[in-house]
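Working notes, beginning with the structure itself.
The figures that follow rest on heavy atoms only: side chains count, while hydrogens, waters and symmetry mates do not.
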Amino acid sequence: MPSLRPLPPWLGHALRAQRAPVPWPAVVRGALAAGPLLLTAVLAGRPSSGVLLALGAMLAGVNDRPGTRLSALTRLGGPALAGGVGMTLGTALHGGAVLVVAVFAGLGLVAGAFSAVGPVASACGTQLLVTVAIGAGMPLPEAGWQRGLLFVAGAGWLIALRVLLPSPRNRAPRAKGLGYLYDGERVAVAAVYDAVARLIEAAGRGDARARRAALTAALDQAQDALRGGGDAARRLRALYVAALPLAEAATALAWAGKTVPGRAAEGPRRLAVAVRTGEPVGPLPAPARCDAGLRALDEALLRAAEVFDGGRAPAPLRSGRTPADVLRKAAGPAGREYGVRVGLSFGASAAVAQALHPEHWYWLPATAVFLVKPDLGPLASRVLCRAAGTVAGAALFAGLAAVLPHPAGLVALVALCGALIPVATRHFAAQTAVVTVLVLSLVMVGGEPQASVSRITETLLACAIVLVAGHLPGPRAQRGGGVRVRIAVAREAAHQYVQHVLSGATGSEARVRRWALRREAYRTLAQARAAVDLAAAELPVVARHSVGARHVTVVLERLVDTTTACAVQVDDTGRVPEQHAERIGVLLAELAA
């Protein structure tokens, strides 16, 4: 029997769904957000205001991903404010179709460029453009400033639920001295110590590389979570910084490829428990000090125990972007390329929509904005999932709208969809179907007729526009620009880390500097690897521009791992070992080639 040929990457990605536990806290928030707001407004005789409130809550719910409560203020609040501004600007936009198209193209260019700065900036740019389209095209009686305030109020309600509601499934004991607001932060820091323990256990085994990548992800998540001031936040940051030498020692042990005694992982595991509970650490089992990696682990455990017992913490890592960094990244190759494609897609979709039906034309450009976002997956996958999800959602809504009572049934449908959004985010097609049902329900409550067929047609047009814009030939330097930029940043971070370690610098200040450089090297490497994986799942005409990029990330990973092992040896002997220097030289030469 002939074997089945594997699916091409661009099709396989479209059929792949994420696997994760049901996020019950987000489900509860979704059920309590858009539906109740809409019901309150309908009962008050202001259904159009309820539509705006529910829209704000819905778009905030789309961004309501796992994370800490305090970081949610930025992750959800920033896009909500951008959406309020967009709603106000869109409502104030008057003039002919040519002016609207020009403004949309210009806004798309700027918002798209700034979206390349990071995830929060991307969400802000998306919500700004979506709400500009809704504000300009949806006929509602409220003035522009009222629309903006109502949208922000709806999002603010979901943010309040995110910050104030306790987690229904959080059965872990509350850490002493830390209020419930810091539950997410302490869980993130504890996950770092657990990841260190798992990497130590994997030393000498085949899954060590995957465990090291998991440690990098845990460090990144904790670093992003630790924001704000106050004694509790400073305490958690100190515990996070105390984990960095443990991570360095664990990486060196994994690089050596030798199994280590099981008791070596027990210390980090006990530290993880102490972070979760706030209880004293107690005595830690010391690993055998038979080589440099184990000696580094033992010393890191002793330093961490001192920090946990209230001793002086290591100097905190400096992080964060300056305004100059943001502008530089937005104006860089990735920002320019993405901005041009967003501007083309947003402007062209507005032109086509107004030519088809100048009264209710917002759906097509709003759909194009979501489709053009690269952080939602490869372009071909996004288009297939968006088309399938819209068809399924519109067909389902048409059937439900024919039998449900109005408006009570539509309000209940909005509440149900709000609860389903956090689950549906596992697959873009499922998320699209749920959001389609929710938005069509809102539109009908707001007084517009049922328009499932036209929404399907407009979505397919948006898919075609974005496919064309996404595959237009650009300057040679910008083809595969996102991947090249990520790899260039990762190479620069790795080179800085290598230079610092090979300098043989010792002492506390040099060690803290080394930890910061190591963190940046692994963080940028993870981002480059994610960009390469995304590009590999594009259609062949796009994927071919990133051929060979995966090999570069593999070499960079070996280089950073080897440098980490070298750093541990420098601490142990006071000099750079010849064999490590030679290995680093070989890897640098391979990169240069």
Side-chain angles (χ1 to χ4, degrees), residues 55 59 79 81-117 121-140 142-145 147-148 151 326-327 329-374 379 383 454-455 457-475 478 481:
L55 276 174
L59 288 176
L81 292 176
V85 171
M87 190 70 72
T88 304
L89 288 176
T91 307
L93 184 59
H94 298 291
V98 175
L99 175 62
V100 170
V101 170
V103 171
F104 272 36
L107 286 174
L109 178 64
V110 175
F114 276 94
S115 293
V117 172
S122 176
C124 289
T126 298
Q127 287 211 20
L128 174 71
L129 297 182
V130 168
T131 51
V132 162
I134 293 174
M138 180 179 280
L140 293 173
E142 284 78 12
W145 66 269
R147 294 189 187 190
F151 180 90
V326 172
L327 290 174
K329 193 162 187 180
R336 294 197 303 270
E337 180 182 20
Y338 183 53
V340 168
R341 299 194 190 282
V342 173
L344 284 173
S345 300
F346 199 44
S349 59
V352 173
Q354 292 204 55
L356 291 176
H357 40 77
E359 292 185 359
H360 306 281
W361 53 270
Y362 56 89
W363 184 279
L364 204 159
T367 298
V369 169
F370 281 112
L371 278 172
V372 82
K373 281 175 65 66
L379 178 56
V383 167
S454 64
R455 301 312 182 204
T457 303
E458 292 164 10
T459 296
L460 295 178
L461 285 171
C463 290
I465 290 172
V466 172
L467 269 177
V468 172
H471 292 91
L472 286 176
Q478 291 188 12

task: Identify the two heavy atoms, one from Ala133 and one from Ala366, that lie closest to each other, and give their separation to 0.1 Å.
output: CB-N, 4.2 Å
- prompt: Closest approach of Val117 and Lys329, non-hydrogen atoms and distance?
  reply: O-NZ, 3.3 Å
- request: Report the residues that fulfil ring-ring contact (aromatic ring centres under 6.0 Å, His included) with Trp361, sequence neighbours left out, ordered by chain and then residue number.
  value: Phe104
query: Taking only residues two or more places apart in sequence or in another chain, which ones pass side-chain contact (heavy atoms from CB on, under 4.5 Å) with Val352?
result: Leu356, Leu364, Leu461, Ile465
Minimum-distance pair of heavy atoms, taken over all atoms of Val342 and Val372: CG2-CG1, 3.6 Å
message: side chain to side chain contact (heavy atoms under 4.5 Å, CB included) for Leu89 and Leu93? Distances and angles first, verdict last.
response: CA-CA 6 Å; Leu89 288 176; Leu93 184 59; over 6 Å; no
- request: Check the pair Phe114 / Leu327 against side chain to side chain contact (heavy atoms under 4.5 Å, CB included), numbers first and verdict last.
  value: CA-CA 8 Å; Phe114 276 94; Leu327 290 174; 3.8 Å; yes
Smallest separation among heavy atoms of Lys373 and Ala123, with atom names: NZ-N, 4.4 Å
message: Just so I know, are the side chains of Leu81 and Val85 near enough to count as touching, which here means a heavy-atom distance under 4.5 Å?
response: no
task: Rounded to the nearest 0.5 Å, what's the gap from OG1 on Thr91 to CE on Met138? Could you check?
output: 10.5 Å
message: Could you tell me if the side chain of Leu371 sits less than 4.5 Å from the side chain of Cys463, heavy atoms only?
response: yes
- request: With side chain to side chain contact (heavy atoms under 4.5 Å, CB included) as the test, would you mind laying out the steps for Arg147 and Thr88 before giving the verdict?
  value: CA-CA 6 Å; Arg147 294 189 187 190; Thr88 304; 5.9 Å; no
task: Apply side chain to side chain contact (heavy atoms under 4.5 Å, CB included) to the pair Gln354 and Val100, showing each step before the final yes or no.
output: CA-CA 9 Å; Gln354 292 204 55; Val100 170; 3.1 Å; yes
message: Is the shortest side-chain heavy-atom distance between Thr459 and Trp363 below 4.5 Å?
response: yes
task: Mark yes or no: Arg455 above the aromatic ring of Tyr362, with NZ or CZ under 6.0 Å from the six-membered ring centre and no more than 45 degrees from the axis.
output: yes
task: Hey, could you give me the CZ/CG distance between Phe370 and Leu129, rounded to the nearest 0.5 Å?
output: 10.0 Å
query: Is there a donor-acceptor pair closer than 3.5 Å between any side-chain N or O of Ser349 and the backbone N or O of Phe346?
result: yes
Shortest non-hydrogen contact from Gly125 toward Ser115: CA-OG, 3.9 Å
statement: In terms of heavy-atom contacts, Thr131 and Gly86 come closest through OG1-CA, 3.4 Å
